[in-house]
Colleague: 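I'd like to ask you about the structure that follows.
Scope of the values below: all heavy atoms of this structure, side chains included, with no hydrogens, waters or symmetry mates. One is the number of the first residue; the rest follow in order along the sequence.
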Amino acid sequence: MPSMETGDVAELISEIRSLDAFETITVPDPATAQDVPFAVLPSSKKIESLVPIFEAFRGAPVRRKGEAKIRDRASFIAHVDAFKDDHSAIFAVPDRENPRLLAVYDYNEKGGIAVAKPRFGQHRALYRCALSEQWKAWQEVNGEDLSQPEFAAFLEDHIEDVCLVDGPHIAELAQLLEAKVGGPSTMLKLSRGLQVTATTTVHNAVTLATGEVQVVFTEQHKDGNGPITTPNLFFLNIPVFEGGDAYQVAVRLRYRLNAGRLSWSIVLYRDDKIFDDAFKGVVDKVKESTDVAVYLGEPEA
């Protein structure tokens with residue numbers, strides 16, 4: 001678009017005056033001492049800036065504005081490198097459902113108000129950290145009660161996430177949780193063909209000295225092959241974020257028999273710590289790659 005010359009502006013103002021007979025005034029900007037034009041409209045003597053009119057004829061904007069939406073970490077790093085300066089800042093929000101990083105390129109200069117200039121903070125880039133499909137799927141059933149068919153269907157659909165693990169730390173965790181660890185084949189077999197029945201035995205215990213009788217109920221759960229010894233701990237090998245490192249996630253498994261109906265509960269063990277560690281890894285990588293200050297939280301509106 002061609003630039004607008006000074007004579008063109010004067011001619012435009014003169015033409016508008018002849019049509020509407022309005023006044024123009026200039027007010028010096030206290031910060032720059034430059035005169036800023038305003039129009040005084042005749043209907044209500046309302047002051048309105050002419051700057052938006054002139055903006056349409058500029059060869060380039062006065063300053064950068066807007067927010068880019070970035071789809072992956074590598075692109076976010078590249079974008080930050082392209083537009084950062086010495087005062088740019090990145091804000092990290094570790095929201096477990098909507099984790100994100102926001103770069104503010106024209107953030108306020110560092111230092112006290114007497115020595116550092118404020119800036120508009122209008123040029124930004126937003127990166128929403130995409131949670132992996134595996135992480136989202138297991139979070140959906142985390143802590144929920146599943147019927148036997150629901151449990152079997154879910155486990156079959158996600159059996160590739162279950163892994164075999166070994167080592168001292170696994171043994172320590174199993175001992176801490178008093179758990180029996182199951183692998184992929186064990187978990188799949190468990191989900192497919194288990195039918196549980198309950199047998200209740202009543203015992204009488206008589207205290208001879210007082211004649212008191214204590215009644216003890218013992219309930220034993222069995223499938224078709226005898227007493228059940230189900231694993232109550234298994235492990236996943238899944239990433240928290242798309243394209244991120246995989247984590248070994250311990251999963252506690254509980255079952256409950258109520259009126260002949262079997263239900264299962266899957267509980268991810270310390271998944272909050274795993275999420276925090278994965279998000280910290282994203283933040284550390286961005287900070288290391290861009291050399292831009294990263295703050296936990298959100299910038300001023």
Colleague: If we only count heavy atoms from C-beta on, is the Val267 to Arg254 side-chain gap below 4.5 Å?
Modeller: yes
Colleague: For Asp106 and Lys65, what are the C-alpha separation, side-chain angles and deciding distance, and is it a salt bridge (Lys or Arg N to Asp or Glu O under 4.0 Å)?
Modeller: CA-CA 9 Å; Asp106 53 342; Lys65 292 191 291 184; over 6 Å; no
Colleague: Is His87 close to Asn108 at the side-chain level, that is, under 4.5 Å between some pair of heavy atoms?
Modeller: no
Colleague: Taking the side chain as C-beta and beyond, is there a heavy-atom pair between Ile274 and Gln248 under 4.5 Å?
Modeller: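 A side-chain contact under 4.5 Å is absent here.
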Colleague: Quick one, Pro184 and Glu160 - any side-chain contact, counting heavy atoms below 4.5 Å?
Modeller: no
Colleague: Kindly assign one of parallel, tilted or perpendicular to the pair Trp138 and His158, based on the angle between their ring planes and the thresholds 30° and 60°.
Modeller: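 Correct class here is perpendicular.
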Colleague: Apply side chain to side chain contact (heavy atoms under 4.5 Å, CB included) to residues Leu253 and Met187 and explain how you reach the verdict.
Modeller: CA-CA 10 Å; Leu253 179 65; Met187 298 308 301; 3.4 Å; yes
Colleague: Heavy atoms, side chains only, cut-off 4.5 Å: are Arg252 and Asn232 in contact?
Modeller: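 Side chain of Arg252 against side chain of Asn232, heavy atoms only: no contact under 4.5 Å found.
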Colleague: Let me see the working for Tyr247 and Asp277 under side-chain hydrogen bond (donor to acceptor under 3.5 Å, both in side chains), right down to the final yes or no.
Modeller: CA-CA 10 Å; Tyr247 283 79; Asp277 187 76; 2.6 Å; yes
Colleague: Verify the cluster assignment for Val249 and Leu131: are they in a single hydrophobic cluster under the rule of side-chain heavy atoms below 4.5 Å apart?
Modeller: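 Same cluster: Val249 reaches Leu131 through Ile, Leu, Val, Met, Phe, Trp or Tyr contacts under 4.5 Å.
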Colleague: Please check if atom CG in Asp245 has more than 12 non-hydrogen atoms from other residues, nucleotides or ligands closer than 6.0 Å.
Modeller: no
Colleague: Do Arg128 and Asn98 pair up side chain to side chain, a donor and an acceptor below 3.5 Å, judged on atom types alone?
Modeller: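 Yes, a side-chain donor-acceptor pair sits under 3.5 Å.
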Colleague: Compare every heavy atom of Thr26 with every heavy atom of Pro37, then report the nearest pair and how far apart it is.
Modeller: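 Heavy atoms of Pro37 and Thr26 come nearest at CA-CG2, 4.2 Å.
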Colleague: Establish, yes or no, whether a centroid distance under 6.0 Å links the rings of Tyr107 and Tyr295.
Modeller: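 When the ring centroids of Tyr107 and Tyr295 are compared, they turn out to be at least 6.0 Å apart.
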Colleague: Output the distance between atom CZ (Phe279) and atom CZ (Phe241), rounded to the nearest 0.5 Å.
Modeller: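 That separation rounds to 6.5 Å.
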Colleague: Determine whether Phe76 and Val286 make a side-chain contact, defined as any pair of heavy atoms from C-beta on separated by less than 4.5 Å.
Modeller: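 Sidechains of Val286 and Phe76: in contact.
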Colleague: Looking only at heavy atoms, what is the nearest atom pair of Val162 and Gly183, with distance?
Modeller: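 Reported closest heavy-atom pair: CG1-C, 4.2 Å.
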Colleague: Between SG of Cys129 and CG of Leu101, what distance do you get to the nearest 0.5 Å?
Modeller: 5.0 Å
Colleague: Out of curiosity, Trp135 CH2 to Arg96 CZ, how far, rounded to the nearest 0.5 Å?
Modeller: 8.5 Å
Colleague: Can a side-chain donor-acceptor contact be found between Asp145 and Trp264 if the only test is distance below 3.5 angstrom?
Modeller: no
Colleague: Report yes if the side chains of Ser263 and Leu146 come closer than 4.5 Å at any heavy-atom pair, otherwise no.
Modeller: no
Colleague: Which heavy atom of Pro239 sits nearest a heavy atom of Ser132, and at what distance?
Modeller: O-OG, 2.5 Å
Colleague: Is the shortest side-chain heavy-atom distance between His123 and Val104 below 4.5 Å?
Modeller: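 SC-SC contact between His123 and Val104 ruled out.
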Colleague: Answer with yes or no whether the hydrophobic clustering places Val294 together with Phe91; edges join I, L, V, M, F, W, Y residues whose side-chain heavy atoms lie under 4.5 Å apart.
Modeller: no
Colleague: Group every Ile, Leu, Val, Met, Phe, Trp and Tyr by side-chain heavy-atom contacts under 4.5 Å, then state whether Phe275 and Val93 land in the same group.
Modeller: no
Colleague: Is it true that Lys136 and Glu133 have a side-chain N and a carboxylate O under 4.0 angstrom from each other?
Modeller: yes
Colleague: Can a donor-acceptor pair be found, under 3.5 Å and without considering hydrogens, that links the side chain of Lys287 to the backbone of Ala293?
Modeller: no
Colleague: Ignoring hydrogens and angles, tell me if any N or O in the side chain of Gln134 forms a donor-acceptor pair with the backbone of Ile238 under 3.5 Å.
Modeller: no
Colleague: Any sub-3.5 Å donor-acceptor pair from Glu150's side-chain atoms to Ser147's backbone N or O?
Modeller: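 Checking the backbone N and O of Ser147 against the side chain of Glu150, a donor-acceptor pair under 3.5 Å is found.
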Colleague: Looking at every non-hydrogen atom in both residues, tell me the closest pair between Ala246 and Asn237 and how far apart they are.
Modeller: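 Where Ala246 meets Asn237 most closely, the heavy atoms are CB-OD1, 3.9 Å.
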Colleague: Please report the interatomic distance CG(Leu236) to CG(Asp271), rounded to the nearest 0.5 Å.
Modeller: 10.5 Å
Colleague: Under the 3.5 angstrom rule, does the side chain of Ser88 hit a backbone N or O of Asp85 as a donor-acceptor pair?
Modeller: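 Judged by distance alone, yes, a pair lies under 3.5 Å.
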Colleague: What are the two closest heavy atoms between Leu102 and Pro299, and how far apart are they?
Modeller: CD2-CG, 3.6 Å
Colleague: I'd like to know whether the aromatic ring centres of Tyr105 and His79 sit less than 6.0 Å apart in this structure.
Modeller: yes
Colleague: For the atom pair OG (Ser265) and CZ (Phe151), what is the distance rounded to the nearest 0.5 Å?
Modeller: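 That separation rounds to 10.0 Å.
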Colleague: Under a plain distance cut-off of 3.5 Å, with no hydrogens placed, do Gln122 and Arg63 share a side-chain donor-acceptor pair?
Modeller: yes
Colleague: Salt-bridge test for Lys280 and Asp284: reply yes if a basic N is under 4.0 Å from a carboxylate O, no otherwise.
Modeller: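 The answer is yes: the pair qualifies as a salt bridge.
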Colleague: Does one hydrophobic cluster hold both Ile266 and Ile159, with members joined at side-chain heavy-atom distances below 4.5 Å?
Modeller: yes
Colleague: Strictly below 4.0 Å, N to O, side chains only: are Glu298 and Arg100 in salt-bridge contact?
Modeller: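 Judged by the 4.0 Å cut-off on N to carboxylate O distance, Glu298 and Arg100 do form a salt bridge.
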Colleague: Between Leu268 and Val141, is there a shared hydrophobic cluster once you connect ILVMFWY residues whose side-chain heavy atoms come closer than 4.5 Å?
Modeller: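 Yes, Leu268 and Val141 fall within the same hydrophobic cluster.
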Colleague: Find the distance between OH (Tyr127) and CD1 (Ile90) and round it off to the nearest 0.5 Å.
Modeller: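 If we round to the nearest 0.5 Å, Tyr127:OH and Ile90:CD1 are 12.0 Å apart.
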